[in-house]
Every structure is written in structure tokens, then in C-alpha cells.
Number of protein chains: 2
Amino acid sequence: MYWGRVASPLTVTARCLEKCHRGGKFQHTRTSLSSWMITDTGTVHVTGNSLVPLATMSSASTQQWSDKMLEVVRWSNSFYSKGSSREACKPFFVADHQVGHVTPNVLQYLLDRPDVIHITRHATTNDVQRVSLAPSLTTFEERTTKMAGLLEELKKLDVFVTLRGWRNEMYAVCASYHDETLMNMERAATCLFGIKQYGVHLNGYCHHPTKGLCMWVGRRSPTKSTFPNKLDNVAAGGLPSGMLVKDCLMKECAEEASIPEFIAEKAVPAGAISYFYEDERGLFDETQFVYDLELPADFVPQINDDEVTEFYLWTLQEVKEKIASKEFKPNCALVILDFLIRRGFLTPDADPNYVLFLQGLHSDDPSGLFR
Amino acid sequence: MYWGRVASPLTVTARCLEKCHRGGKFQHTRTSLSSWMITDTGTVHVTGNSLVPLATMSSASTQQWSDKMLEVVRWSNSFYSKGSSREACKPFFVADHQVGHVTPNVLQYLLDRPDVIHITRHATTNDVQRVSLAPSLTTFEERTTKMAGLLEELKKLDVFVTLRGWRNEMYAVCASYHDETLMNMERAATCLFGIKQYGVHLNGYCHHPTKGLCMWVGRRSPTKSTFPNKLDNVAAGGLPSGMLVKDCLMKECAEEASIPEFIAEKAVPAGAISYFYEDERGLFDETQFVYDLELPADFVPQINDDEVTEFYLWTLQEVKEKIASKEFKPNCALVILDFLIRRGFLTPDADPNYVLFLQGLHSDDPSGLFR
């Protein structure tokens, strides 16, 4: 048996095995191994006469990290899982543009509201086909006012946990980010209608003189209404209606981490991640614009409001371990996973879930391109 | 009218306008403008008393480039467009895993082949529901051999243009990249079954002493069976069955651009793009792993095989203009678009199609996460 410089037993994913092996012999382009066997536990033991190319095989710890990370990615896209409410949801329209989804649980409170909500039913089966804002509401102002009235009533009913966390923050409802805003809606209510929401997150990193590449991570306050005590990016926030992405980022940098404007303005956009989860509050169809900011090695973020309790400076390896744990707010873990992929800290050959990670980081419906 | 330092007439996308304006006044966080008007052509003319924040507005040339680029992104995802064959396609299964799609045009040649192809029909309507490889074929070898026989016959019929470009190159068929390979299939035939295909593309860039950041671009040979004469990445290729991504990249670097191993091995993985188009040859559901390689400023790629006729060293601005033209092989244009987004050369505030670009660069079905 050959273990070479490998500390833990080698495990080979089915794909790696297929790549290396056909017909009983490894046929790798750079090395060869005489034979292999699979144990009862699925571990592959390798025998041979040359070095194992480590890039072709996941060590037990790589496999373990990757599978834990995949759990976070899957949780963040639970709307696409087999047991989700996806199939029972009805599309939600404003002015003939689909802007979200409504679950049966929410739908029951919208059925008898013809002044605000229009229900389209199948001609023969009478099944609900789509839910729309009443087409009589033709202006931004009418739609925003009428929806706000409905939400105030739903809040008084006290049946939706999300409405207990009322934010007094208006979010833009639109068919696609670059389209016109059809109406505004209270942020806490958007998950009841599965409204596509946008935010901005920052990877704040630095080149530490002794530790190497490090990243600043925040811990959310225990009093936050969502994900209390979880680890978070150094600065992040939802995009309020009418604000530019970069301005929102600058605001969050100042409010959450006391990053001064002359540093924050150096943040560089690096794309966006999209995911879609559901939980007890509702449906979260979110896109987060991602920025990277190299912070000076001697800069230390300062707590400025009630949102954060502490900041940590961790090496990339430490951050990598943490994002696969349940300690991180899931979407913040995805923002860092995207950073690791973009900067080459994960590779398609070594990581057994690389392609699935990318699917989970960009789960927007491509039909949106042709609206 | 205020034009300030803006050379061409300002155009403001509907989204930018919504962001800046509510109720007749611009309400931007950093500046204000007294009024605006929209002309018959949709151009927004701005009057005001302070500097226009350029980041909030797309100039006519930015809008034009972005809309042209969006055409390339949409072409690359034509399978999701409204007039596509998507709704008429039937899923293609091997061993109960969906691995592709079959169009009605291909289906007619598979209906009477029970030794290789199994057709599942609806119990009452008799409509075809799914197309499968015959379940009697249980091993990799049986499936590969039987499918190869069928393809040889289809080739003789000479009804599929793609089979005239027979490659003698085996591609792996699997449900998802990291899953086991269910069978191999001749590369030229994969588009008949809409098989998910994988490749690797390289952004080869350098820091030129006077021109700044530049990128090497190749021109495909006029004799290539696909996309002759089109512009291409400096090195790229489909992933043959059984080869690692990095090894495939190293091979293409040597074969296509004579990049020596000691330089090529420095290539850094930066994720993957996914898109799905159809053309007269068939269905192309592709994922390309993306690598970036900083080439030495004095390195010049050399033609080594018949694939490339010429290499160009262009500034990033020149490359950016070209990828929005029809001169590039579309998927190579997407690889460079991804580079521009990852490195901050496009921003969500300034580019009117930023979010749509990201949707088109990552159009994999998120249900794949939960197979």
C-alpha cells in the first residue's frame, strides 16, 4: 500500500476514479498506479509504484470540508429541493411582470381582497393559476399605498412571524434588477411574496505581515432579529429602494465597521451571488452584489452600531473552516466561498463539489434573460 | 442643460432613473439635479446645478456596448428563449439519471431502436414522456458500445450536420460533473442528445510596460469545423473523458499557443461559466472551467497546430469592444466578460445589464444541487 506524503487515508471521489481509471489500471497522464481497491466504507486504497498526484484525489479532510460546505450551499437554495413549497407556489405578478411567488399559506390571506389582490383561476378546474396586484392599481404610488395598507392589516392579524420584525425600510419591487420599480414594499414583507431582493456584501481582507492573507469577519449582535450571534462579512446590507450599490456599501462600511470613506471607496466589484431559500419566515430569492476590499494591514474595524459585537482577523484557512460550519450566516458563507473560488483557493480537480458550489452561488432562473 | 465633463449625451436606464428620482426630483445621496426630461428617443436629458455622478448613469456608448454584449449572452443561452425547442424536448436518461435532452427532430430517428433506446409513453395520451438508454445496458462498456453503434448508423444516414464533423474524441456522459461516468460518447454526437459538456478556457493576460493590462487573443483557423475565423481565448479545449481539468489546460496551452509548462502551470482557477444554446447542429449545455494566467510581458504565443492562424495582444478596452461584436466565438466572449466582472472592470451601478450578464454566465439548473 502506498501512502506517500499523504497524512490521512486517501479517498477518491467516483469522478476522480473515473478520470484516473478505466479497465483496472490507473491511466493518468502524469503518473501511474498499479492497482486499487475500494473498502466497505467506500474508501479507496491505492497501491503503486509512483507518486500519487494529490490534485487528482481529495484527502479525507478535503472531502469532509467540501461536503459540509455543500450542506450550507444546499440550505441556501432550499427552494429548489424536492420537499420545498416550490411546486405548490403560485406566481405573483405586478402589471403583467412576475415579481415573486406566493405559498399556499400566504395565499389564504389574499383570497378575499379584490381591491388589492387579483386571483386568476383555471376556467374548468377553478384552481388558482396566478396571484396579481389588482390591475386597477396603475401607478407606483397607488400600488405602494394599497400594498402598505394590506400589509398593515396582516401585521395586526399577527399570523406571520416575519411581520413582527417590521423594518420601516422600503424595498424596490421590479421584474428584473435593471427594470423600472413597479412599487415599493416594506422589507419584512417581501419574503411573504417571494420578492427578488438585492443587497451588497464586502470581503474585507488584508495581507498580514506574518499570517499572510487574512479576512475580517464580524459577529452579529445577539439582539438582531435575523441570525443573531452568527458570523458575518465585515460589512453588508440590503439595498434600500433608490440607493446605488456602491453608496449602500459605503454606508454599511461606515455604520457597521467604521471603515472610513477614503478606504471604503477602494472596494472593487467582483460580481454577484444568487440563491433562493425558504424558512419559517417565507421565501428568500436574493442576489448579493459582491465587493472585495483590501484593508491596510494595520486597520482594525470598530463597532459603530448595535449590529456587530466583535470583529475577528482570521487566516484564509481559518475562515474556510468556519464557513462550512453552522456558525456563519449562510449567505455570508457563500460570499466567502465565491471569494475562495474566484481567487483560486479551490480547484475543480481537488474539490469534489466545485461545480455544485457554482450552481448554488448562481441559481437565478436563466429565463430572466428573455423577459 | 448640464453636460459637465460628459462627452456624449447622457442616457439613464429606467433603473438608474428610479434609483435617482422619485416625484420629479433627483434624490441622489451625493448630488442633486434639478430636473430631467425624456426625449422621444428615450434619451434622458439632465439639467441641474451640480456635477453628475457618472457612476449612476450610463453614457450612450456604455449603453450601446452593454446592449450588444447582452445579445452575445442571450445568443449563448438561446435554449431558454421563448422560441426555442425547449418545450418540445424530451428528457434523456441513462440508468435513471437525466443526462440530456432530445429534440423532436432527433427523436424520430430513435423511435424504432428498442435494443439501444427505450421510449416511455404516457398511459392514456401515448405522448413520449422520456427517452432512455435501454435499461438492459447495465455497464459502462455495454452502453458505450451500443451507443457508438447507433451513432455510426446515424452518421451513415447523413441527416445530422454535426456528425459530418466526427471528432474521434470520447466525451464522458454523467448526471453531474462529480458523479460517475455512465458511458462515453463521440464528441460530435453529444449535441444530438443535449449532453452536458465540460471544457476549460484560459484568460492569458499581461501587464504591458506602456499599454497597461493587456490580453492575448487568438484567431481560429478558417479550416475549423466550428466557428472558423472567429476570435478565441489564447488557449481552450473540451475536456476529454478521463482527463483532469488542469492537465487538459496544460495540453491546450502547449498545443495551441506554445506556452511552456513552467509558465502554464502558474494558471489559477477562477470558477466556471455555464450557458445553453442551440443551433443547426443541436443542443449545447456547456460548462467551461475558467483559468487566468499572467504571462510575462515579453512572452509571445506561437502557433503550433492548425487551430489558430494569428495571435493579437490587445488592451483590455480593445478586447472589451471586440467581445460585444460578432467577431468572437460566443463562449470565448463570455469567458472574457466573466474576467471583466470578476476584476471590477464592470460595475453594477454603471452597467445597465450587469445582473443579466451574471444570469447568462451561470445558467445551470439549480435543481442539479439536489439530484
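Note that these values count all heavy atoms, side chains included, but never hydrogens, waters or copies made by symmetry. Order of the sequence lines sets the chain letters (A, B, ...), proteins ahead of strands, with each chain counted from 1.
Residue A/Asp338: no heavy atom, backbone or side chain, is found under 4.5 Å from chain B. In this structure, chain B has heavy atoms under 4.5 Å from both the backbone and the side chain of A/Tyr354.
Applying the side-chain hydrogen bond (donor to acceptor under 3.5 Å, both in side chains) test to residues at least two apart or on different chains, the pairs with a partner in residues 72-81 of chain B are B/Asn77-B/Ser363.
Put simply, of B/Leu340, B/Thr287, B/Val355, B/Leu369, the one with the most heavy-atom pairs under 4.5 Å next to chain A is B/Leu369. Chosen from B/Tyr291, B/Phe276, B/Phe345, the residue pairing most often with chain A at heavy-atom distances under 4.5 Å is B/Tyr291. The most heavy-atom pairs under 4.5 Å with chain A, out of B/Pro366, B/Gly368, B/Gly344, come from B/Pro366. The residue among A/Leu346, A/Ile341, A/Val268 with the most heavy atom pairs within less than 4.5 Å of chain B is A/Ile341.
Note on ring orientation: taking the six-membered ring where Trp is involved, the planes of B/His362 and A/His362 are parallel (angle under 30°, cut-offs 30° and 60°).
The environment of CD in B/Gln64 is sparse: at most 12 heavy-atom neighbours from other residues, nucleotides or ligands sit within 6.0 Å.
Applying the side-chain contact (heavy atoms from CB on, under 4.5 Å) criterion to A/Asn353, with sequence neighbours excluded, gives A/Ser66, A/Asp67, A/Leu70, A/Asp351, A/Leu356, A/Phe357.
Side-chain contact annotation: A/Asp292 with A/Tyr205, donor-acceptor N/O pair under 3.5 Å absent.
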